[in-house]
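Reviewing the structure listed below.
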Amino acid sequence: MSKLWLLLFRFGPLIRRLGQAPYRRFTVATLRRAGIVVSNPQWVSPRAYFDIGRPNAITIEDGAVISHDVKLLTHDFSLDRVAVQLGALREGEEFVRYAPVLVGTNAFIGMNAIILPGITVGAGSIVGAGSVVTRDVPENTVVAGNPAREICGTAEYLARSRGKFIVKNHQR
């Protein structure tokens, strides 16, 4: 049933045409029905992928932004074939790891980033586009790369990057 709700979530762009507030309400309601713990995110792309093999495995806190094509993974079967090859499993068994993902308050996850099982992205942190996050991201930290590595703190990033951005009225 939860996968059906995520399919419905793909219709978000149609609702977005009604404005940011209706889109946010639709997003929150749909993700909750899909089994995601969500409060009041700033933006969640309808193109994001949520691995919801178990209910409540993903938490998205207030003000968080999840960009297009982000993948939040909560399970890992990567050792299953190795375990079979090494004889560590009996017939009918599988080797799997389940671990929750948390996206903290006001965290930003850039386009095409992958968040692996068991990861917490701390409050106020930034995950660069295309990053593969294999370790927890501390609060107010900028990470990027594959695997994602700490670049600097968010205050330093703001100070050195501010001139590249413009300030305008919020349109969403």
Subject >> For the student: nearest non-hydrogen atoms of Gly118 and Asp136, plus distance >> reply: O-OD1, 3.5 Å
Original post:
What side chain to side chain donor-acceptor pair (under 3.5 Å) pairs are there with at least one residue in residues 80-104, not counting sequence neighbours?
Top reply: Arg90-Glu93
Original post:
With a 4.5 Å heavy-atom cut-off, do Lys71 and Asp51 have their side chains touching?
Top reply: no
**OP:** Would you check, one step at a time, whether the test side chain to side chain contact (heavy atoms under 4.5 Å, CB included) holds for Glu61 with Leu102?
**Re:** CA-CA 8 Å; Glu61 294 185 342; Leu102 180 131; 3.8 Å; yes
**OP:** Return the set of residues passing side chain to side chain donor-acceptor pair (under 3.5 Å) with Ser39 (not counting sequence neighbours), or none when no residue passes.
**Re:** Asp62
Original post:
Are the side chains of Ile115 and Val103 in touch, meaning some heavy atoms are under 4.5 Å apart?
Top reply: no
**OP:** Side-chain contact test, heavy atoms from C-beta onward, threshold under 4.5 Å: evaluate it for Asp76 versus Leu116 and give yes or no.
**Re:** no
Subject >> Residue pairs involving residues 139-150 (criterion side chain to side chain donor-acceptor pair (under 3.5 Å); sequence neighbours excluded) >> reply: none
Subject >> side chain to side chain donor-acceptor pair (under 3.5 Å) partners of Asn112, counting only residues at least two apart >> reply: none
**OP:** With sequence neighbours left out, write down each residue that passes side chain to side chain donor-acceptor pair (under 3.5 Å) with Ser67, or none if nothing qualifies.
**Re:** none
Original post:
Between Pro100 and Asn56, is any pair of side-chain heavy atoms under 4.5 Å apart?
Top reply: no
Original post:
Which residue pairs pass the side chain to side chain donor-acceptor pair (under 3.5 Å) test with at least one member in residues 154-163, sequence neighbours excluded?
Top reply: Glu156-Arg160
**OP:** Apply the test side chain to side chain contact (heavy atoms under 4.5 Å, CB included) to residues Leu73 and Tyr49: give CA-CA distance (whole Å), side-chain angles for both, the deciding distance (0.1 Å), then the verdict.
**Re:** CA-CA 8 Å; Leu73 305 177; Tyr49 173 80; 3.9 Å; yes
